[in-house]
J.: 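First, the structure itself, so that you have it in front of you.
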Number of protein chains: 2
Amino acid sequence: MTVDTATAQRQVLEAADALFYERGVQAVGMDAIRTASGVSLKRLYQLFSSKDELIEAYLKHRDELWNTMLAEHVDAAGEPRERILAAFDFLNDWFQQPDYRGCAFINSFGELGTVSPRVAELANEHKADFQRRLTELTEAAGAPDPARLAEYLILLSEGAITRSAISRSAEPAERAREAAGLLLDALLPS
Amino acid sequence: MTVDTATAQRQVLEAADALFYERGVQAVGMDAIRTASGVSLKRLYQLFSSKDELIEAYLKHRDELWNTMLAEHVDAAGEPRERILAAFDFLNDWFQQPDYRGCAFINSFGELGTVSPRVAELANEHKADFQRRLTELTEAAGAPDPARLAEYLILLSEGAITRSAISRSAEPAERAREAAGLLLDALLPS
DNA sequence: CAGAGCGGAGAACGAGCGTTCTCCCTCGAT
DNA sequence: ATCGAGGGAGAACGCTCGTTCTCCGCTCTG
């Protein structure tokens, strides 16, 4: 059964995404992706010319998904302060997923950061993007120093992401939300 | 030139520590450790009967070093509040090191967490130990809810650790310290 | 001095990796 | 009906890995 290029590409990417995220990029062979996606090895290499390219596509895919889900949570909230806290509700939802394994970018960076400048760059861009979005929210909430407050909130988020992965509990999201609330109380004009 | 067992063990562990931390545990082969430590492959396998065992020794070694350095910073401070903030000064010092690459436990967990229960366990213990130490400090400072405050501080620490690694900057330590100060202001009795 | 045992250097082994190649079947155009 | 392009299955290639084995020279005891 042959399918068109776009469909095959999506199948491969979805299989790679699940495997890379679960086991780490180095531990997953191209053959495992081939088996999971049901595509022949020849076709796989037509769609993605190397494993490095597939890793890059995987990270870009994660980035898009993450931004979409974050935006959905934020846009569902109304007041500026609630929009900021919605980011932590998003984390809470994310941590609940049974296959939650931390941040794909942090994990990939830990594996390949020294040896793959591209992965290091993508991780850095992903986090910088998050910082930009948070800064927009703190600006909208009238923070006197939006960038600084956003950085505080990022630290809480990143901490919750790794801590939740290692302790296998979604609780850090709630604690991070509480701490964020305290910081907003201290730094937002009442 | 033959050396006694304890010395050889230390040499191997130091070589493994440097290589594992820099490149990740999976990317480093036993042969690279053998070359770096100057020990024969036969002897290496007498000292550590498998790579898994060496990885475990590496993580335990990192844990000891980390606890020692943290304790030194904390003990150099006087007042309870200063002792808490000293943890963030420790992070700042750590991040300055040119070979800083994030937390060995987070990185190893990202690489092997799904496949090696032992690594997952060691990472979890390491973080739980940090939590215990921080809770002692928040108790001594008279926090009404020491465990909760300690959790907030851990989130800031973990966030600073990963953010500093990815952005290649020590600045997150300073921001984390500032945010910690705000939380202490809000939650410690004046 | 003879012989036994230990350690060093590195070859060897079986497995798995990323990537390419071969073979064969299918299918559409002439 | 015939030819040819393209894709599927998977063998093959060259490499690296973790681990074991072989060989050889050294040293310590009688």
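First the proteins, then the strands, lettered A, B, ... as listed; each starts at 1. Hydrogens, waters and symmetry mates are skipped; everything else that's a heavy atom, side chains included, is used.
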J.: For A:Q46 and D:dG8, what is the distance between atoms CD and C1' respectively, to the nearest whole Å?
T.: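 Answer to the nearest Å: 11 Å.
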J.: Any salt bridge linking B:R148 with A:E178? Criterion: basic side-chain nitrogen under 4.0 Å from a carboxylate oxygen.
T.: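 So B:R148 pairs with A:E178 through a salt bridge.
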J.: Whole angstrom is fine here: how far is it from CD in B:E53 over to P in D:dG18?
T.: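 Distance, rounded to whole Å: 15 Å.
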J.: Once each nucleotide of nucleotides 18-23 of chain C is scored for protein heavy atoms under 4.0 Å, what B/S/- sequence comes out, 5' to 3'?
T.: SBB-B-
J.: Specify whether B:Y100 and B:F95 have parallel, tilted or perpendicular ring planes, treating 30° as the upper limit for parallel and 60° as the lower limit for perpendicular.
T.: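 Plane angle between 30° and 60°, so tilted.
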J.: In whole angstrom, give the distance that lies between atom CZ of A:R34 and atom P of D:dA9.
T.: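 Whole-Å distance recorded here is 7 Å.
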J.: Any side-chain donor-acceptor pair under 3.5 Å between B:N92 and B:Q96?
T.: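 Note: B:N92 and B:Q96 side chains meet the donor-acceptor criterion.
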J.: Quick check: closest heavy atoms across B:P144 and B:L187, and the distance to 0.1 Å?
T.: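 Between these two residues, the closest heavy atoms are CD-O, 3.1 Å.
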J.: Evaluate side-chain hydrogen bond (donor to acceptor under 3.5 Å, both in side chains) for A:R43 paired with A:Q9, printing each intermediate quantity in order.
T.: CA-CA 10 Å; A:R43 193 105 196 274; A:Q9 203 144 10; over 6 Å; no
J.: Heavy atoms, side chains only, cut-off 4.5 Å: are B:H126 and B:L122 in contact?
T.: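 Counting from C-beta outward, B:H126 and B:L122 never come under 4.5 Å.
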J.: Between A:R43 (CZ) and D:dG10 (P), how many Å, whole number?
T.: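 It works out to 18 Å between those atoms.
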J.: B:I55 CD1 to D:dG18 C1': how many Å, rounded?
T.: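 About 11 Å, once rounded to whole Å.
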J.: Between the protein and nucleotides 24-26 of chain C, list every N/O to N/O distance that falls short of 3.5 Å.
T.:
none

J.: Rounded to the nearest Å, what distance is computed from the CG atom of residue B:L44 to the P atom of nucleotide D:dT19?
T.: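 About 10 Å, once rounded to whole Å.
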J.: side-chain contact (heavy atoms from CB on, under 4.5 Å) for B:F20 and B:L59? Distances and angles first, verdict last.
T.: CA-CA 10 Å; B:F20 282 161; B:L59 291 176; over 6 Å; no
J.: Would you please indicate if the ring centroids of A:W66 and A:F130 are separated by under 6.0 Å?
T.: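 Close enough - the centres of the two rings lie under 6.0 Å apart.
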J.: If I take atom CG in residue A:L47 and atom C1' in nucleotide D:dG8, what distance separates them, rounded to the nearest angstrom?
T.: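 Interatomic distance, CG of A:L47 to C1' of D:dG8: 14 Å.
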